[in-house]
S.K.: 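Mind looking over this structure? Questions follow.
So you know, we letter chains A, B, ... as the sequences are listed, proteins then strands, and number each from 1.
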Protein chains: 2
Amino acid sequence: MDKKKKQQSTEEKILAAARKVFTTKGMDGARMQDIADEAGINKALLHYYFRDKGKLFETVFLEEAQKFFPKINSIFSSELPLFEKIEKFVHEYIDEMLENPYLPWFVMNEINRDPEQFMYRIWGKENLPQPSKFLEQMDKEVRKGTIKKISPVHLFLHIVSMTIFPFVAKPMITRNLQLDELQFRQILEQRRKEIPRFIFDAIKK
Amino acid sequence: MDKKKKQQSTEEKILAAARKVFTTKGMDGARMQDIADEAGINKALLHYYFRDKGKLFETVFLEEAQKFFPKINSIFSSELPLFEKIEKFVHEYIDEMLENPYLPWFVMNEINRDPEQFMYRIWGKENLPQPSKFLEQMDKEVRKGTIKKISPVHLFLHIVSMTIFPFVAKPMITRNLQLDELQFRQILEQRRKEIPRFIFDAIKK
DNA sequence: GTCTATAATTTGATAGAC
DNA sequence: GTCTATCAAATTATAGAC
């Protein structure tokens with residue numbers, strides 16, 4: 001990491017530092033001084049590259065949100081069979097979050113802070129994600145009798161909840177279950193297979 | 001609400017106002033002026049009753065955290081049979097959160113901000129919650145062959161995730177599924193029955 | 001206990017030298 | 001492009017009158 005810092009442009013150093021500070025402290029908690037220190041420069045340079053705190057934050061946030069959301073939609077609206085689709089979603093999502101564990105908390109936290117602004121910025125008004133295709137697919141399987149009767153909306157919520165929640169609630173979980181970093185990570189890795197398995201058991205006939 | 005404000009003591013008015021502001025904006029985003037305005041008093045009085053912002057926040061936070069956590073432990077360590085225990089947990093938790101929808105986001109958000117400080121304050125070092133009893137109970141059922149083979153830790157995570165996550169991710173969910181307030185609330189109410197049902201289907205033999 | 005006025009501090013932002 | 005020094009605004013906290 002430190003090796004590469006020399007090669008990084010100042011702008012890249014700032015963005016990396018801002019990412020780190022914003023994702024741990026949030027927009028309100030983050031201090032420009034913290035970011036400058038983390039980047040090994042001074043505050044004035046932050047304003048030289050990015051006009052103000054808001055602009056810097058927005059750059060970081062949109063960048064991160066793009067990692068978090070678009071994958072959901074591309075998988076859910078693909079042409080895969082239901083079970084494979086669920087499996088792929090869980091796998092790819094957990095993998096992504098294992099690499100960026102701060103991501104879900106950061107994104108959800110900032111969306112909560114100002115839902116309209118950010119949801120709009122991420123998708124725009126016409127570019128809404130369409131889980132409807134996935135919901136219809138589930139509905140079709142139910143009517144075909146391939147899987148048990150279940151509300152597609154609830155099944156969708158079950159899947160997303162089991163996948164994402166442990167990452168958001170990490171401090172609660174590690175404390176309650178007395179887990180160290182390694183144990184927690186191992187459990188998350190296990191969930192890649194455990195969640196699809198659990199769902200299949202619940203809805204297969 | 002406004003009727004009672006006359007009867008409320010100033011301290012109660014402050015706490016109610018602080019609760020409202022802190023739970024929506026968080027510790028960093030909250031302004032003492034906002035709280036004073038919300039309480040219908042001036043800033044100086046806030047400091048008269050609570051030395052500083054940190055003390056006021058801590059009072060509110062610990063009060064709220066006590067609503068959120070202890071119930072988990074009391075239910076999980078009770079003597080109920082497994083299925084009833086799961087059902088009771090989901091019911092009571094969703095009911096609690098339907099009344100205080102901001103609760104899970106607020107508590108988890110502030111714990112993420114400073115895990116050590118708050119986790120310690122909530123339980124202390126010796127007073128750790130003991131989901132172990134619940135985990136053992138699940139393990140026993142598995143070994144008896146009453147339910148399918150499943151890791152107790154994962155089952156625990158499944159239950160908690162499905163129950164709490166939708167409350168934390170409300171803005172994401174309502175936007176993605178195009179739900180209005182009422183529809184969202186109805187779905188949450190449905191989950192009281194849906195989650196236990198789903199779990200039973202997954203683990204019953 | 002409650003208020004107004006003000007101090008003290010924090011922090012985002014800019015000016016200007018190099 | 002980068003730095004030091006400084007300003008301006010926002011925000012917490014206190015002094016002191018009533």
S.K.: With sugar-phosphate meaning primed atoms plus P, OP1 and OP2, does Y48(A) contact a base, only sugar-phosphate, or nothing at under 4.0 Å between heavy atoms?
M.R.: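 The residue Y48(A) makes base contact.
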S.K.: Determine whether the aromatic ring centres of F118(A) and F61(A) lie less than 6.0 Å apart.
M.R.: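 Centroid separation for F118(A) and F61(A): below 6.0 Å.
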S.K.: Ring centroids only, cut at 6.0 angstrom: are F106(B) and Y102(B) within range, meaning strictly under it?
M.R.: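 So the answer is no for these two rings.
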S.K.: Do the side chains of R185(B) and E189(B) get close enough for a salt bridge, i.e. N-O under 4.0 angstrom?
M.R.: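 Judged by the 4.0 Å cut-off on N to carboxylate O distance, R185(B) and E189(B) do form a salt bridge.
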S.K.: Please list, in 5' to 3' order, the outermost nucleotides of DNA chain D lying under 4.0 Å from any heavy atom of chain A.
M.R.: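 So the contact region on DNA chain D extends dG1(D) to dT4(D).
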S.K.: Give a yes or no on whether a salt bridge exists between D34(B) and K20(B), defined as a side-chain N under 4.0 angstrom from a carboxylate O.
M.R.: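 No, no charged N to carboxylate O under 4.0 Å.
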S.K.: Classify every nucleotide of nucleotides 7-12 of chain C by which part a protein heavy atom approaches to under 4.0 Å, writing B for the base, S for the sugar-phosphate alone and - for neither, in 5'-to-3' order.
M.R.: ----SB
S.K.: Please indicate whether K67(B) has more than 12 foreign heavy atoms, meaning atoms of other residues, nucleotides or ligands, lying under 6.0 Å from its NZ.
M.R.: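 Correct, the count exceeds 12.
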S.K.: To the nearest Å, give me how far apart CG (L45(B)) and C1' (dT4(C)) are.
M.R.: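 In whole Å, dT4(C) C1' and L45(B) CG are 12 Å from each other.
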S.K.: Can you tell whether the side chains of E79(B) and K133(B) come within less than 4.0 Å, N to carboxylate O?
M.R.: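 Looking at E79(B) and K133(B), the cut-off is met.
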S.K.: Can you find a side-chain donor-acceptor pair between H158(B) and R191(A) that sits under 3.5 Å?
M.R.: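 Present: a donor and an acceptor within the cut-off.
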S.K.: Are R192(A) and D95(A) close enough for a salt bridge, meaning some N to O gap below 4.0 Å?
M.R.: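 Yes.
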